Amino acid sequence: QVQLVESGGGLVQPGGSLRLSCVASGFTVSAATMSWYSQAPGKGRELVARISPSGIGKNYADSVKGRFTISRDNVKNTVYLQMNSLKPEDTAVYYCNSRISWSDYWGQGTQVTVSS
């Protein structure tokens with residue numbers, strides 16, 4: 001049974017940092033394309049960052065380039081999103097996604113609120 005559990009969200013001031021974690025079970029993250037998506041109130045779900053199965057290929061939304069970093073720990077079977085220089089417009093629910101063969105799997109989401 002594939003399961004993704006996000007954590008690490010919270011309230012942070014503009015310019016602050018958070019690290020989100022996505023613990024995967026039922027598969028190995030090195031065998032899947034792993035992504036982080038965000039969904040702000042009233043908006044659709046948008047791709048934030050993606051890492052290839054090799055761990056080498058990484059893609060970021062233009063709005064987060066230079067501020068966010070996606071990474072992976074194969075031993076812990078966990079994917080991370082390091083979020084630096086946070087802005088109020090980063091406020092959203094962040095979801096972990098895995099794409100394995102024909103299927104996509106989603107975590108429950110973790111709330112990130114950037115506010116002074």
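Since this is a predicted model, take the numbers as computed values, not measurements. In this chain, residues are counted from 1 in sequence order.
Side-chain contact between T91 and V112: absent, with no pair of heavy atoms (C-beta onward) separated by less than 4.5 Å. At least one side-chain heavy atom of F68 sits less than 4.5 Å from a side-chain heavy atom of L86. A 4.5 Å side-chain heavy-atom check between P53 and S30 finds every atom pair outside the cut-off.
To the nearest 0.5 Å, atoms CH2 (W36) and CD1 (I51) are separated by 12.0 Å. Atom OG of S38 is separated from atom CG of L20 by 10.5 Å, given to the nearest 0.5 angstrom.
Among residue pairs with one or both ends in residues 35-63, those qualifying as salt bridge (Lys or Arg N to Asp or Glu O under 4.0 Å) are D62-K65; sequence neighbours excluded. Residue pairs meeting the disulfide (SG to SG under 2.5 Å) criterion with at least one member in residues 35-116, sequence neighbours excluded, are C22-C96. Sorted by first and then second residue, the pairs that involve residues 83-103 and meet salt bridge (Lys or Arg N to Asp or Glu O under 4.0 Å), not counting sequence neighbours, are R67-D90.
Side-chain N/O atoms of T113 and S115 include no donor and acceptor closer than 3.5 Å.
Counting only distance, with no hydrogens or angles, the side chain of Q13 and the backbone of V114 share no donor-acceptor pair below 3.5 Å. Judged by distance alone, the side chain of Q1 and the main-chain N or O of G26 form no donor-acceptor pair under 3.5 Å.
If you chain together ILVMFWY residues whose side-chain heavy atoms come under 4.5 Å of each other, V93 ends up grouped with Y37, L47, Y95, W106. Other residues sharing a hydrophobic cluster with I56 under the 4.5 Å side-chain heavy-atom criterion for ILVMFWY residues do not exist; the residue is a singleton.
Transitive grouping of hydrophobic side chains (ILVMFWY, heavy atoms separated by less than 4.5 Å) keeps M34 and V23 in distinct clusters. Hydrophobic clustering (ILVMFWY, side-chain heavy atoms < 4.5 Å, transitive): Y105 and I70 are in one cluster.
Annotation for T110 and G9: closest pair OG1-N, 3.1 Å, computed over non-hydrogen atoms.
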Pair up each side-chain donor or acceptor in residues 75-85 with any protein partner under 3.5 Å, not counting sequence neighbours, and list the distances.
unit_1, atom_1, unit_2, atom_2, d
N77, OD1, V29, N, 2.9
N77, ND2, A24, O, 2.9
N77, ND2, F27, O, 2.8
T78, OG1, K76, O, 2.9
Q82, NE2, N84, OD1, 2.9
N84, OD1, S17, OG, 2.9

